[in-house]
Amino acid sequence: MAELAQVVVDVPTMQTNQPYTYQVPEALEQKLQVGMRVVVPFGNGHRQVQGFVVGFTDASDYGGKLKPIQAVMDLQPVMDAEMLALSKWLADTTYSFWIACLYTMLPNLLKGKTHRVVRVVDELPEQDYFDLFAGRDTRDYADFADDPTAVSRLLKLKRAGKIRIDYQVENRARAKTVMGITPLLSFEELEEARTSLHPNAHAQNRLLSYLQSIGGQTVVQKKAERVAQLSAATFNQGAKKGWLKKVPVEVYRRPQSQAALPDDHHLQPALKLNHDQQVAVDQINAAVKDQQAATFLLQGVTGSGKTEVYLQSIAQALAQGRTALMLVPEISLTPQIVNRVRRRFGSQVAVLHSGLSNGEQFDEWRRIERGAAKVVVGARSAVFAPLKNLGLIILDEEHESSYKQDEAPRYHAREVAKWRGRYHQAPVVLGSATPSLESRARALKGVYRFLGLPHRVNKQPLPPIQVVDMRPEIKQRGESNFSRPLLQAVSDRITRGEQSILMLNRRGFSSFMMCRDCGTVLKCPNCDISLTLHMDTRTMKCHYCGHEEPIPQVCPNCHSRRIRYYGTGTEKVEQELRQLMPQARIIRMDVDTTRRKGMHEKLLKQFGDHQADILLGTQMIAKGLDFPNVTLVGVLNADTGLGLPDFRASERTFDLLSQVSGRAGRADKQGQVIIQTFNPDHYAIRDAQANDYDRFFFQEMNLRHQASYPPYYYTVRLMASHPEEAVAARAMAHIKEKLHQRLAPQTIILGPTPRAIARMKRRYYYQIVIKYKRDPALHATLEEILQETQSKGFKDVQVSIDPDPQYFM
DNA sequence: GCTCAGGCGATT
DNA sequence: ATCGCCTGAGCG
C-alpha cells in the first residue's frame with residue numbers, strides 16, 4: 001500500500017531540510033520508485049520544484065491536506081538504495097542539506113531548471129499589455145528579471161489577479177541522439193524489391209544489399225553511409241519506398257581525448273611485478289576475494305610502481321566479476337595516469353572529472369550506471385560513481401587536500417570511499433609517497449594495513465637534492481628569484497638539449513600594489529585582502545569576490561607616482577628569466593595561462609614535444625607529470641607556505657618538495673633538484689632533502705602531540721559571518737558559550753577569532769576551532785547551534801561548519 | 001527559496 | 001483610506 005511518497009524538495013534551507021509527504025496519483029503508481037526525481041507543488045502560489053522520492057509510506061501524521069506529485073522526471077531511479085543511504089550519511093556528517101548532498105552525488109544535468117512563466121489571465125490595461133507582453137499571452141519571467149520597473153509592474157498586475165506566474169521544472173537530462181536506420185523488410189522482401197529496380201539504379205541496389213547484410217539491426221546512418229558507400233539521399237529514397245525507417249539512436253557523448261585511444265584488442269599487458277609489488281597485490285586481492293572492508297595504506301617512494309599495483313588489483317577485482325573505482329587528485333592534471341588505466345582496461349573505463357561538459361559528464365555517468373563501464377577513474381566527486389558491486393576503491397595521492405571539498409557539503413573523498421568500502425565489503429587502498437599524518441598514524445596503530453614499496457622499480461637512486469640558502473644570495477646580488485647555482489644548472493640543461501621544470505610556490509602569496517612613499521596597499525573594496533596584479537588583462541583582481549579595477553597610476557592615498565607592484569607572481573618570474581636567459585624557450589603554466597579548456601593538456605604536450613626548454617609554473621606542475629627529458633627541477637621559493645598560520649604548513653611543504661623532486665630524471669638520465677629557501681635548516685626542508693619521510697613524520701607527530709592537533713585530536717571549524725562585524729562577533733561569543741556548556745571538559749575550544757581574511761564579499765567572518773578526541777555531545781550540539789541560529793536573535797548571521805578542515809585561514 | 005499575511009509608516 | 005515595504009511563518 002504505497003500510496004504516499006516522501007520527497008526531499010529542492011529548497012535548500014534549514015527549515016525545509018526534511019522529506020515532505022505527497023500523494024501518488026493513480027496514474028503514477030506503477031511508474032514511481034524510490035530514488036526517482038519528481039516535480040511537486042511546494043508552498044503557495046503556482047510554485048513547483050524538483051524533488052527526490054526517498055521513501056514510501058501509507059500514513060502521514062501531517063495535519064494538513066496532502067498535495068499530489070505532479071510528474072515523474074525519470075524512467076529509472078537515479079539513486080539506488082546505497083546512494084540514498086550515503087546521501088543521508090553525508091548530510092549528517094557534514095552538517096549539510098540533504099538536497100545539496102543528493103545533487104552533489106549526481107551529474108549536473110540531473111538538477112532541473114525552474115522557469116517562471118508569466119501568463120495573462122484577464123484583460124490588461126492597453127499600456128501594460130503592449131509594454132510588457134508585446135501582444136503575446138505568455139512571457140518568460142527571466143526576460144524581466146533585470147528590469148526593476150517591469151518587475152514591480154508585473155507584481156502589481158499579479159496582485160490585481162490580471163496575470164499569473166507559473167513554474168515549470170525543466171528536465172535537462174536528455175540523451176543525445178543521432179539518426180539511425182532500421183530495415184523494415186525481411187531478406188526475401190528486400191530481394192523482391194530488387195527485381196523491380198531500374199537497371200541503372202546502382203545506388204539503390206547497393207542499399208538493398210546493405211539492408212540485407214545488417215539483418216534487421218538498427219545502424220547509425222552516418223556509419224551506414226560510410227560502410228555502404230552511399231549518400232544520405234539514397235537512404236531517404238529507401239525510407240520513402242518503405243524499405244527502411246529512420247529512428248533516433250541514443251549515443252554517449254564521449255570526451256574528445258578518448259577518441260585517440262587504441263581499441264580493446266590492443267590493450268597493454270600487465271607489467272612484471274617486483275617482490276614488494278607482488279606482496280601488495282596479493283594482500284589486496286585476498287581482501288577483494290574475501291570481501292573484507294579493510295583499508296590499506298600503500299606507501300611507495302616515487303617511481304616504486306604504485307600504479308601497476310593499482311592496475312593489477314583492479315584487474316583482479318574485474319576477474320571476480322566486480323567493479324573498481326580509482327580516484328586521483330585532479331584528473332586534468334594527470335592525463336598520463338588516466339591514459340594508463342585506459343590503455344590497460346579499454347572501453348570499460350569511464351572517466352569523470354571537472355573538465356567534462358555537462359553532457360559528457362551525464363553520459364559517462366549513464367555508462368557507469370548501466371554497467372557498461374566497470375572501472376571508473378576520476379577526481380573527488382567520482383567517489384559517488386554509481387558502480388554496482390564495487391570490489392575495490394583506490395585513492396591515489398591520498399594526502400592531497402583536494403580530496404576535501406571546500407564548499408558545502410564539505411566531504412572528504414577518503415571518508416566517503418571508506419563508507420562505500422564498508423557498504424560493499426570491499427577494500428580501500430590509500431596510496432601515497434608521503435601519506436597524510438592521519439593515515440600513516442592509523443597504519444602504525446593497525447587501523448589500516450600497511451603495504452610498503454620502498455624501492456624504485458628501475459633501481460635508480462632518487463635525484464640528489466641541493467638546498468640553496470637564498471639569504472647570502474640576496475645579500476650579494478640584490479633581489480632576484482634566481483640563485484647562481486640554479487641559473488648555472490638551467491643553462492647547462494639548455495646546452496645539453498635537456499629540459500627543466502621551475503616551480504614557484506604560490507601558496508599564500510600574490511603580487512600586490514604598494515605605494516613606496518606611504519606604504520598603502522591596494523585593497524578590494526568588498527574584502528579585506530589586497531588585490532592581485534594580472535598582467536594579461538592589465539587589471540587588479542580580487543581573488544575572493546572577483547572584483548576588478550584598472551592598475552592605478554598614482555597612489556589613491558598620497559597621490560604619489562611611486563606605486564609599484566610587490567611580490568612574486570609567475571609572470572614577473574618569467575620576465576626576469578627572459579632577461580637573464582634571452583635564448584631560453586619558456587612555457588608558463590598557471591591559473592591564467594590554463595584557464596581555457598584544454599590549455600593544460602596543450603601546454604604539457606608542447607613541453608613534452610620539447611618545444612620549450614623550461615616549464616615555469618605553480619604547484620599545478622608538481623603532480624603526476626613524467627617527462628623523460630627533464631633532468632632539472634628547481635623550486636624557487638620552498639618556504640612561502642611555512643609561515644602560514646596553519647598547523648599543516650610543514651606537512652604541505654614537505655609533501656610539495658618530495659613530490660616535485662620525483663619529477664626529475666625518471667628515465668635513463670640522471671636528474672637533479674635545486675631548492676631555494678630562506679629557511680635551509682627547517683626540518684620540512686631538511687627531511688625532504690634527505691628523502692626521509694619517517695624522520696619528518698616522527699618530528700611532526702611530536703609537534704602535533706604537543707599542540708593537540710590531528711592525528712591526536714579531531715578538529716571542527718565553525719564560521720559565522722554578518723555584514724556588521726559586531727553582530728558576527730556577538731553571535732560567535734554566544735556560540736562559544738553554548739559549546740562550553742555542552743561539550744566534554746577535555747574538548748578544546750579555540751576562538752572566536754576573526755578569520756585571516758576577516759572580511760569577504762562585504763561580510764565579516766569569525767571562526768571557532770574545536771579540538772576533540774571523543775565527544776559524544778558534539779554532533780547534537782552543533783546541530784542545535786545550526787537550528788538556533790535560524791531564529792530571530794541571529795538575523796542575517798550565516799553559520800557554517802567544516803568537519804576536519806584542511807585549511808585554517 | 002518564495003509567497004503571503006500582518007504590521008507599520010508614508011502618501012494622497 | 002491606500003500604497004509600499006519589511007518581517008516572519010510555513011511550505012506536505
Side-chain angles (χ1 to χ4, degrees), chain A residues 1-25 28-29 32 34 36-73 91 96-104 111-119 121 125 128 140-142 144-146 148-170 407-409 722-724 727 786-800:
Chain A
M1 252 273 285
E3 56 188 8
L4 301 180
Q6 311 214 260
V7 177
V8 174
V9 292
D10 183 4
V11 182
T13 67
M14 205 71 226
Q15 276 186 86
T16 53
N17 188 27
Q18 41 146 347
Y20 285 82
T21 313
Y22 284 87
Q23 288 172 45
V24 181
L28 300 181
E29 244 168 55
L32 195 65
V34 169
M36 283 179 171
R37 296 175 305 146
V38 289
V39 179
V40 291
F42 193 74
N44 296 316
H46 299 273
R47 190 167 174 214
Q48 44 174 257
V49 298
Q50 180 178 326
F52 288 81
V53 178
V54 297
F56 288 115
T57 170
D58 43 294
S60 155
D61 48 12
Y62 177 61
K65 181 154 167 48
L66 298 179
K67 291 179 179 173
I69 287 176
Q70 209 129 79
V72 185
M73 296 175 75
S96 315
F97 304 131
W98 196 353
I99 187 70
C101 294
L102 290 164
Y103 282 133
T104 298
K111 183 171 168 70
K113 252 208 178 110
T114 15
H115 296 279
R116 281 188 280 187
V117 180
V118 190
R119 197 181 300 277
V121 291
D128 287 329
D140 204 321
Y141 184 81
F144 305 107
D146 35 0
T149 50
V151 168
S152 65
R153 278 171 81 181
L154 284 176
L155 289 179
K156 201 181 280 178
L157 291 171
K158 187 168 172 234
R159 255 173 275 138
K162 304 268 187 205
I163 60 168
R164 235 171 65 181
I165 298 181
D166 281 354
Y167 284 76
Q168 272 174 339
V169 178
E170 183 204 356
E407 57 190 54
H722 191 273
E724 283 173 64
V727 180
L786 282 181
Q787 283 296 343
E788 192 185 341
T789 50
Q790 295 302 304
S791 63
K792 31 189 156 193
F794 293 85
K795 205 172 125 38
D796 292 336
V797 177
Q798 281 174 12
V799 176
S800 69

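Just so we're on the same page: letters track the sequence lines, and every chain starts at 1. The figures that follow rest on heavy atoms only: side chains count, while hydrogens, waters and symmetry mates do not.
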Looking at A:Gln70 and A:Val39, would you say the former's side chain and the latter's main chain have a donor-acceptor pair under 3.5 Å? no
Counting the atoms with a prime plus P, OP1 and OP2 as sugar-phosphate, which does A:Gln23 contact under 4.0 Å by heavy atoms, base, sugar-phosphate, or nothing? nothing
Is it true that a side-chain atom of A:Gln50 and a backbone atom of A:Gly112 form a donor plus acceptor pair closer than 3.5 Å? yes
Quick check: do A:Thr21 and A:Gln6 have side-chain heavy atoms less than 4.5 Å from each other? yes
Classify A:Tyr167 by what it touches in the nucleic acid, base, sugar-phosphate, or nothing, heavy-atom distance under 4.0 Å. sugar-phosphate
For A:Val7 versus A:Val38, what's the shortest heavy-atom pair and its separation? CG1-CG2, 3.9 Å
At a heavy-atom distance below 4.0 Å, which nucleotide of DNA chain C is the first touched by chain A, and which is the last? C:dG4 to C:dG12
Search all heavy atoms of A:Ile69 against all heavy atoms of A:Pro25 and return the closest pair with its distance. O-CG, 3.3 Å
For DNA chain C, find the residues of residues 38-46 of chain A with a heavy-atom distance under 4.0 Å and give them by number; none if there aren't any. A:Phe42, A:Gly43
Distance-only, no hydrogens or angles: does the A:Asn17 side chain make a donor-acceptor pair with backbone N or O of A:Trp98 under 3.5 Å? yes
When you list every nucleotide of DNA chain B with an atom under 4.0 Å from a heavy atom of chain A, which one comes first 5' to 3', and which comes last? B:dG1 to B:dC4
Residue pair A:Asp10 / A:Lys111, side-chain heavy-atom distance below 4.5 Å: yes
Aromatic contact between A:Tyr103 and A:Phe52, with the criterion being ring centroids under 6.0 Å apart: yes or no? yes
Treating A:Tyr141 as the side-chain partner and A:Tyr167 as the backbone partner, does any N or O pair qualify as donor plus acceptor under 3.5 Å? no
Between A:Ala5 and A:Val53 the two heavy atoms that sit nearest each other are CB-CG1, 4.3 Å
